[in-house]
Trainee: 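I have a structure here, written as structure tokens, and I will follow up with some questions on it.
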Amino acid sequence: MKKFESKIRPIEWVDTYCRMVDQTKFPEKYEYVDIKTGQQMFDAIKTMIVRGAPAIGIAGAQGVTLYAQELSKNNLSFEEYKKQLIERADYLVSSRPTAVNLYWAVEKQKEIINKYSTIDEIITNLRINGKEIELEDIAINEKIGEYGAMVVPKSATILTHCNAGALATGGYGTALGVVRSAYANDPTIQVFADETRPRQQGARITTLELVMDGIPVTLITDGMCSYFMKKGMIDMVVVGADRIAANGDAANKIGTYTVAIAAKYHNIPFYVAAPLSTIDRSINSGDEIVIEERSHEEVTVINGKRICPEGVNVINPGFDVTPHELITGIITEKGIARPDYKSSIEALFGDKV
Ligand code: MRU
């Protein structure tokens with residue numbers, strides 16, 4: 001199986017700070033911003049300078065390191081240092097509630113904080129662990145790509161929603177990792193990208209990274225997917241996930257559920273691609289997933305211009321949950337989980353063989 005070579009790296013730890021691509025500037029600018037304090041990292045996650053579940057996991061881990069460096073300048077006792085650092089780590093998790101990778105990565109850093117007995121050791125090992133989480137994510141996505149490419153039909157047109165690409169991860173991408181690996185082995189495949197209202201991750205980010213990597217992509221608006229499915233122009237759907245429950249229910253960008261229903265109606269395979277760190281086995285079903293409610297301006301304003309009358313009611317949930325019955329398979333770095341998800345997910349975690 002051939003691997004695709006992609007140079008896109010949206011987030012990297014450099015010595016004592018984090019350098020990331022500012023995703024709010026796409027597609028006009030591809031600019032880096034240096035994040036040097038914990039509060040800057042909180043704001044970068046909240047305002048979506050960095051976004052995508054695995055990428056905000058990496059950001060969260062590196063944000064803890066930034067707080068650890070800052071607090072070390074405050075002449076605190078070791079116990080007080082640890083207490084304040086754990087408080088700030090938990091605060092970072094509150095920046096975006098739905099993607100479990102943020103919580104997962106911060107918990108990994110909290111294990112380091114609790115393991116070491118000097119401030120220097122904590123900082124050194126937080127840096128090492130944050131960098132490892134970043135690099136490991138790329139390797140995981142390449143494995144997801146490899147497994148996923150095996151279920152992509154020859155010359156397929158793959159529909160995706162939002163951006164689950166290199167720019168949503170350490171690199172290579174989950175859903176777009178599947179696309180990259182499939183394309184490396186069959187350059188006749190192509191992508192249809194949903195625009196993804198309200199933040200337009202499909203239009204601004206998925207198309208950008210596929211154009212950068214030379215993979216054919218066609219942009220459609222969100223309401224068009226069933227039209228193209230009925231015409232027989234979509235062969236499979238692959239999307240990412242922000243949190244997957246033990247029963248396989250998967251939270252992803254708002255609008256994913258609609259795509260899944262349309263795919264089921266048209267007998268089109270619907271796959272979710274995500275690392276095991278996106279699977280939250282502490283929850284039994286998607287009903288337990290907290291859905292982030294975002295600013296109303298994301299809906300009422302486009303490119304600085306209001307598109308609806310003042311005084312209108314607005315609701316803006318950032319994510320929805322696709323029930324497991326609509327999911328053909330969950331592509332992970334350890335293989336593809338299939339229904340019944342409860343047992344196949346347990347098997348992937350090595351609980352049962
Ligand atoms: O609000 P966003 O842009 O962070 O939402 C991103 C998504 O919903 C992605 O599909 C998901 O995080 C998977 S990224 C590999």
Side-chain angles (χ1 to χ4, degrees), residues 6 8 10-11 20-24 26 44-60 95-105 134 137-138 140-145 148 159-180 191 193-206 208-209 222 237-244 250-260 270-280 286 289-295 298-299 316-322 327 330-333:
S6 175
I8 302 171
I11 177 163
M20 59 174 70
V21 180
D22 183 346
Q23 305 204 20
T24 62
F26 293 160
I45 298 171
K46 182 112 194 142
T47 60
M48 294 170 68
I49 288 173
V50 59
R51 32 73 43 209
I56 62 177
I58 297 164
S95 56
R96 291 201 75 189
T98 302
V100 71
N101 308 61
L102 177 57
Y103 170 82
W104 172 88
E134 174 194 314
D137 188 57
I138 304 170
I140 286 171
N141 294 335
E142 289 172 353
K143 287 307 285 180
I144 290 174
L159 176 71
T160 192
H161 189 75
C162 193
N163 173 262
L167 290 165
T169 63
Y172 207 73
T174 54
L176 295 189
V178 173
V179 165
R180 283 190 167 88
V191 174
D194 275 349
E195 172 188 29
T196 317
R197 273 284 282 150
R199 292 286 295 231
Q200 280 138 337
Q201 289 93 331
R204 295 188 304 109
I205 309 179
T206 292
L208 177 74
E209 70 167 82
D222 294 350
V237 180
V238 188
V239 296
D242 289 85
R243 193 182 291 245
I244 300 172
N252 192 47
K253 182 51 53 195
I254 192 78
T256 304
Y257 181 24
T258 311
V259 178
F270 179 97
Y271 284 92
V272 172
L276 291 182
S277 57
T278 300
I279 302 178
D280 181 355
I289 298 175
V290 175
I291 301 293
E292 177 184 10
E293 175 70 23
R294 294 192 57 87
S295 136
E298 290 186 346
V299 177
N316 184 20
F319 302 91
D320 56 26
V321 176
T322 299
I327 300 172
I330 300 174
I331 306 165
T332 76
E333 70 272 29

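Please read all numbers here as calculations on a predicted model, not as lab measurements. In listed order, ligands and their atoms are each counted from 1.
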Trainee: For the pair Arg197 and Asp222, find out whether any cationic side-chain nitrogen is under 4.0 Å from an anionic carboxylate oxygen.
Mentor: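 Salt bridge flag = no for Asp222 with Arg197.
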Trainee: Present, as a list of atom pairs with distances to 0.1 Å, all nitrogen or oxygen contacts under 3.5 Å between ligand 1 and the protein.
Mentor:
from     : atom 1 : to     : atom 2 : distance (Å)
ligand 1 : 1 (O)  : Arg96  : NH1    : 3.4
ligand 1 : 1 (O)  : Arg96  : NH2    : 2.8
ligand 1 : 1 (O)  : Lys253 : NZ     : 2.8
ligand 1 : 3 (O)  : Arg51  : NE     : 2.8
ligand 1 : 3 (O)  : Arg51  : NH2    : 3.2
ligand 1 : 3 (O)  : Gln201 : NE2    : 2.8
ligand 1 : 4 (O)  : Gly52  : N      : 2.9
ligand 1 : 4 (O)  : Arg96  : NH1    : 2.8
ligand 1 : 8 (O)  : Asp242 : OD1    : 2.9
ligand 1 : 8 (O)  : Asn252 : OD1    : 3.1
ligand 1 : 8 (O)  : Lys253 : N      : 3.3
ligand 1 : 10 (O) : Asn252 : OD1    : 2.6
ligand 1 : 12 (O) : Ala53  : N      : 2.8
ligand 1 : 12 (O) : Asp242 : OD1    : 3.3
ligand 1 : 12 (O) : Asp242 : OD2    : 2.8

Trainee: Among residues at least two apart in sequence or on other chains, which ones pass side-chain contact (heavy atoms from CB on, under 4.5 Å) with Ile291?
Mentor: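 Ile291: side-chain contact (heavy atoms from CB on, under 4.5 Å) contacts with Ile289, Pro317, Phe319, Val321.
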Trainee: Sequence neighbours left out, what passes side-chain hydrogen bond (donor to acceptor under 3.5 Å, both in side chains) with Thr196? Give chain and number order.
Mentor: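 For Thr196, no residue satisfies side-chain hydrogen bond (donor to acceptor under 3.5 Å, both in side chains) once neighbours in sequence are set aside.
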Trainee: Glu293: what forms a side-chain hydrogen bond (donor to acceptor under 3.5 Å, both in side chains) with it, not counting sequence neighbours?
Mentor: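 side-chain hydrogen bond (donor to acceptor under 3.5 Å, both in side chains) list for Glu293, sorted by chain: empty.
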Trainee: Are any side-chain N or O atoms of His161 and backbone N or O atoms of Gly202, one a donor and one an acceptor, separated by less than 3.5 Å?
Mentor: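 No.
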Trainee: Rounded to the nearest 0.5 Å, what separation is found between the CD atom of Glu333 and the CD atom of Glu142?
Mentor: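 CD of Glu142 is found 12.5 Å from CD of Glu333.
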